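Below: the structure, in structure tokens.
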Protein chains: 2
Amino acid sequence: MTLRQMVLRLELPPGAALSENELAASLGVSRTPVREALILLAQEGLVQVFPQIGSFVSRVDPAQVADAQFLREAVELAALEDLPPELDPAVLKELRDNLERQQREDLGLEEFFELDEAFHQGLMRLSGHANAWTTVAAAKGHLDRARRLGLYENASPAVFADQHREIFDAVVAGDVTPARRAMRAHLRAVFSDIERIRARSPELFATDPSAVPVRRNVVVWE
Amino acid sequence: MTLRQMVLRLELPPGAALSENELAASLGVSRTPVREALILLAQEGLVQVFPQIGSFVSRVDPAQVADAQFLREAVELAALEDLPPELDPAVLKELRDNLERQQREDLGLEEFFELDEAFHQGLMRLSGHANAWTTVAAAKGHLDRARRLGLYENASPAVFADQHREIFDAVVAGDVTPARRAMRAHLRAVFSDIERIRARSPELFATDPSAVPVRRNVVVWE
DNA sequence: CGACAGGTGCTTGTATACAAGTACTGACCG
DNA sequence: CGGTCAGTACTTGTATACAAGCACCTGTCG
């Protein structure tokens with residue numbers, strides 16, 4: 001799990017080489033459990049394994065970002081149409097606390113990301129589809145990394161916090177159509193950033209997803 | 001892949017024990033690759049692994065069926081709203097051929113299932129979201145098994161074939177709203193069967209998903 | 001100087017041995 | 001007859017050794 005987080009948080013940058021031997025040594029276990037973890041990450045698309053060549057953190061693939069975006073938008077908008085007449089008060093309280101914390105001034109980017117994830121997951125729980133959300137969450141690795149790059153770029157969580165508030169108010173008021181409109185606008189805000197980032201840091205993005213990385217020998221002075 | 005198909009086609013019945021050793025022996029390989037395959041099936045929810053106890057084909061979980069149903073409905077309906085003005089003629093031809101084959105009288109159930117899957121995948125390709133569909137397809141194992149049980153029960157693919165035709169005609173005509181209505185009705189037809197089947201074959205369904213299967217010794221006369 | 005062949009060190013894939021734990025079996029004892 | 005406890009046969013989890021293949025480095029030869 002912690003390896004997955006390192007990939008999602010870009011601590012392991014897209015394109016980085018992941019040797020099973022090195023990972024095993026640094027984690028103090030054998031190759032077997034490391035390998036099993038990499039297989040799961042590979043199925044999620046976060047890692048690419050090339051037989052006899054190496055394993056690599058996959059570069060952010062704009063196509064996969066768009067796929068995940070479509071998926072999450074479809075699911076979250078459908079959930080808004082499926083809200084029960086009586087909303088769970090415990091979840092509502094949790095969401096209110098969440099929104100309050102989002103507006104703190106000294107909020108770190110990673111902390112904002114956690115709150116953001118929890119907020120969207122809370123909305124899914126309100127509609128009784130928390131499990132469908134876990135499927136979406138597992139499929140949106142590329143999207144999450146793109147969103148992080150976007151936030152690192154302009155670092156303005158305040159706008160998103162306001163959008164969250166707008167969505168939440170519409171949900172509580174039972175106004176499905178405005179809630180959907182606000183949600184759609186909120187989710188699509190990602191696209192405004194991605195192309196600019198790609199122009200600045202092209203090495204983080206995939207051009208041909210089937211391209212095989214090359215192994216290079218680099219001299220390291222220690 | 002063939003092991004996955006055996007689970008989805010109910011050739012390996014829900015609840016069946018899967019010994020890594022037996023599978024390895026019957027496939028002529030060692031435990032390692034078998035184990036890696038089981039890990040992937042476990043992440044899909046088709047298999048449950050209990051440490052030091054055993055691996056089992058997961059019983060059909062009505063909650064997971066409902067989750068997958070919600071997911072696919074959300075995605076397929078969203079795709080219908082995202083159809084381009086000019087539909088790919090190659091895909092249209094493929095769908096027409098598919099519909100024609102669906103109406104053959106001597107169609108086997110498994111063949112109908114293949115056509116059904118190809119039809120829905122084709123619609124997703126029309127809207128340019130084939131990749132999002134693969135994510136959904138990987139998440140709907142429990143739903144697919146429930147649908148197979150439903151078809152084994154009343155064996156009437158003709159109704160579904162007509163619904164497919166109705167959806168297709170609306171899509172070609174560009175009538176999004178009727179297409180959505182037809183699609184929603186089509187997808188929700190699953191629910192009419194599942195409770196009846198559960199009453200007849202409760203051993204295929206999960207009661208408590210966290211319950212641990214028990215190992216039993218049975219005498220086999222050979 | 002340039003091209004080519006072989007050595008070397010890395011990679012992942014697979015097989016196998018052992019560790020740890022569960023459940024049934026059967027003998028033993030009250 | 002019934003309960004208890006050791007033994008055994010199974011399970012999955014982990015570590016390790018070997019197999020197969022790719023890329024670079026280097027020595028040799030033209």
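Sequence lines set the chain letters: A, B, ... in the order given, protein chains first and strands last, and positions in each chain run from 1. Reckoned from all heavy atoms, side chains included, excluding hydrogens, waters and symmetry mates. Just so we're clear, the structure is a prediction, and the values are computed from it rather than from any experiment.
Residue A/S19 is the one, among B/S30 and A/S19, whose nearest nucleotide of DNA chain C lies closer to the 5' end (criterion: closest heavy atom).
Rounded to whole Å, the distance from CD1 on B/I39 to C1' on C/dT14 is 15 Å. The interatomic distance linking B/Q48 (CD) with D/dT12 (C1') rounds to 15 Å, in whole Å. The nearest whole Å value for the distance from the CD atom in B/E22 to the P atom in D/dA9 is 16 Å. Regarding B/F56, its CZ atom lies at a distance of 11 Å from the C1' atom of C/dT22, rounded to whole Å. Rounded to whole Å, the distance from CD on B/E20 to C1' on D/dT14 is 12 Å. Taking atom CZ on A/R31 and atom P on C/dA15, their separation rounds to 14 Å, with Å as the unit. Atom CD1 of B/I53 and atom P of C/dA20 are 18 Å apart (whole Å).
Listed pair A/N21 / C/dC10 fails the phosphate criterion, with no side-chain N or O lying under 4.0 Å from OP1 or OP2. Neither OP1 nor OP2 of D/dT16 sits under 4.0 Å from any side-chain N or O of A/T32. Residue B/R35 places at least one side-chain N or O closer than 4.0 Å to OP1 or OP2 of D/dG13.
Using a cut-off of 4.0 Å between Lys/Arg side-chain N and Asp/Glu carboxylate O, B/R184 and B/E76 are scored as not salt-bridged. Between A/E44 and A/R4 a salt bridge is recorded (basic side-chain N to carboxylate O distance below 4.0 Å).
A donor-acceptor contact shorter than 3.5 Å is absent between the side chain of B/N131 and the backbone of A/D67.
Listed nucleotides C/dT14, C/dT22, C/dT12 differ in distance to B/P33; the shortest reach to its side chain belongs to C/dT14.
Put simply, the side chain of B/Q52 and the base of D/dT11 share no donor and acceptor less than 3.5 Å apart.
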**Message:** Please determine whether salt bridge (charged side-chain N to carboxylate O under 4.0 Å, His left out) holds for the pair B/R101 and B/E111, giving the CA-CA distance in whole Å, both sets of side-chain angles, and the decisive distance to 0.1 Å.
**Reply:** CA-CA 10 Å; B/R101 264 179 287 171; B/E111 300 160 36; over 6 Å; no
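Using a 4.0 Å heavy-atom cutoff across all strands shown, A/L18 reaches sugar-phosphate atoms only and no base atom.
Cation-pi geometry between B/R148 and B/F113 is met: the NZ or CZ atom falls under 6.0 Å from the ring centre, inside 45° of the normal.
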